Participant: 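To start, I am sharing the structure in question, which I have written as C-alpha cells.
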Amino acid sequence: MALIKVNNLSKRYGNKTAVNNVNFDFERGKCIALIGPNGAGKTTILRTLSGLLKPTSGTIQFADEKENSDIRPHIGYLPQYPSFYGWMTGREFLIFSGELAYLSKDEAKKRADELLKKIGISEGASNERISRYSGGMKQRLGIAQAIIHRPKLLILDEPVSSLDPIGRREVMTLMEELKNEMTILFSTHILSDADEISDELLLLHNGEIVESGSMDELRAKYQTSKIELAFE
Ligand code: ATP
C-alpha cells in the first residue's frame with residue numbers, strides 16, 4: 001500500500017492557481033524528488049502535504065490516517081528557509097524541539113545527543129551558539145529538528161539550494177544515510193541533485209506534474225540526458 005496518495009490536488013491563492021489537479025503516490029522507503037523551475041508549485045505541494053496549507057480541492061491520504069486528516073504526526077518537514085534561535089546552542093535547540101514534540105526532558109536530551117551524532121555535529125560545536133554555525137550545519141540541524149519525533153516521511157523543501165558546495169555535500173551525504181531509515185520527499189530545481197539521490201522524480205511545471213518515473217525511465221523516454229525537454 002502506498003505511504004501517501006495524492007488525488008486531484010489543487011491549490012489556489014485568490015485567482016492564482018499554484019497547483020492544478022495533481023495526482024501521485026509513492027511507496028515506503030523511496031526517495032522522491034519533486035523537481036521544477038521557480039514558481040512551479042513545489043513549496044505549495046510540500047506545505048499542503050505537511051498540513052500547513054489546506055488544499056483548495058483534492059485529497060491527501062496517508063497510510064494509517066483518516067482521509068484528509070489535518071494532523072500529520074508521521075511527517076517531518078523542513079521549510080525552504082528554516083528559522084533558528086541563533087542565541088541557543090545546537091544542543092539546546094534540539095532539546096527544546098524535542099520537548100515541543102512532547103518528549104520528556106530526559107528523552108529530549110537523549111534524542112538530541114543521538115541526532116547530533118547522526119548529523120555530524122561534534123560535542124564542541126553542539127555547545128556553540130547556532131548563530132556561529134555554517135549554512136550546512138544549520139541545515140543539518142534543521143533536518144535533525146524535523147526528524148526529532150521519528151516521522152515515517154521526511155519532507156525537505158530545497159534542502160541544498162542555498163548552500164555552498166561543502167554544505168551541499170554534507171547535506172546530500174546526510175540525506176543518503178537517512179534514506180535507509182525513512183521515506184524522503186524533497187524539492188529541487190537542479191536536475192543533477194535529483195539524479196544523484198532520488199529513486200523517482202516528479203517533474204512539475206506550472207502547477208502540473210508533466211512527467212514521473214526514475215531517471216533511467218525518463219532518459220529512455222526522451223532518448224537524451226536533457227530531461228529539461230519534458231518541461232517544454
Ligand atoms: P520556488 O522554487 O521559487 O520556491 P515553487 O516551485 O516552490 O517556487 P511556489 O512557491 O509553490 O513555487 O509558488 C507557486 C506559484 O504560486 C507561484 O506563481 C507563486 O508566485 C504563487 N504563490 C505562492 N504563494 C503564494 C501566496 N501566498 N499568495 C499568492 N500567490 C502565491
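One-based numbering, in listed order, for ligands and for the atoms of each. Small disclaimer: the values here were computed from a predicted structure and weren't measured.
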Participant: Without swapping roles, check the side chain of Thr48 against the backbone of Lys54 for a donor-acceptor pair under 3.5 Å.
Facilitator: no
Participant: Distance alone, cut at 3.5 Å: any donor-acceptor contact between the side chains of Asn127 and Thr89?
Facilitator: no
Participant: Which atoms of ligand 1 have any heavy atom of Ala18 under 4.0 Å away?
Facilitator: 14 (C), 15 (C), 16 (O)
Participant: Between Lys118 and Glu181, is there a salt bridge with N-O shorter than 4.0 Å?
Facilitator: yes
Participant: Answer yes or no: is there a side-chain heavy-atom contact under 4.5 Å between Ile197 and Phe186?
Facilitator: yes
Participant: Does atom 20 (O) of ligand 1 have a protein non-hydrogen atom under 4.0 Å from it?
Facilitator: no
Participant: Considering only heavy atoms of Ala40, which atoms of ligand 1 have at least one such atom less than 4.0 Å away?
Facilitator: 5 (P), 6 (O), 12 (O)
Participant: Assess Gly41 for proximity to ligand 1: is some non-hydrogen atom of it under 4.0 Å away?
Facilitator: yes
Participant: Could you work out, with side chain to side chain donor-acceptor pair (under 3.5 Å) as the rule, every residue matching Ser198, not counting sequence neighbours?
Facilitator: none
Participant: So, Tyr13 versus Thr44: side-chain donor-acceptor pair below 3.5 Å or not?
Facilitator: yes
Participant: State whether Glu114 and Arg150 are salt-bridged, where the test is any N-O pair (Lys NZ or Arg NE/NH1/NH2 against Asp/Glu carboxylate O) under 4.0 Å.
Facilitator: yes
Participant: Tell me, which protein residue and heavy-atom name are nearest atom 18 (O) of ligand 1, and how many Å apart are they?
Facilitator: Lys16 CE, 3.1 Å
Participant: Strictly by modelled atom types, are Ser97 and Gln145 linked by a side-chain donor-acceptor pair under 3.5 Å?
Facilitator: yes
Participant: If the cut-off is 4.0 Å to any non-hydrogen atom of Glu158, which atoms of ligand 1 fall inside it?
Facilitator: 2 (O)
Participant: Between Glu123 and Lys117, does any side-chain N to carboxylate O distance fall below 4.0 Å?
Facilitator: no
Participant: So which heavy atom in the protein is nearest atom 30 (N) of ligand 1, and how far is it from that ligand atom?
Facilitator: Tyr13 CD1, 3.5 Å
Participant: State if Gln80 counts as touching ligand 1 under the rule of any non-hydrogen atom under 4.0 Å.
Facilitator: yes
Participant: For atom 10 (O) of ligand 1, which protein heavy atom lies nearest, and how many Å away is it?
Facilitator: Thr43 CB, 3.6 Å
Participant: Please confirm whether His189 comes under 4.0 Å of ligand 1, counting heavy atoms of the residue only.
Facilitator: no
Participant: May I ask you to list the atoms of ligand 1 that are less than 4.0 angstrom from any heavy atom of Lys42?
Facilitator: 2 (O), 5 (P), 6 (O), 7 (O), 8 (O), 11 (O), 12 (O)
Participant: Relative to atom 15 (C) of ligand 1, which among Gly36, Gly39, Pro37 owns the nearest non-hydrogen atom?
Facilitator: Gly39
Participant: On a heavy-atom basis, I'd like to know which of Thr44, Thr48, Asn206, Ile45 is closest to atom 11 (O) of ligand 1.
Facilitator: Thr44
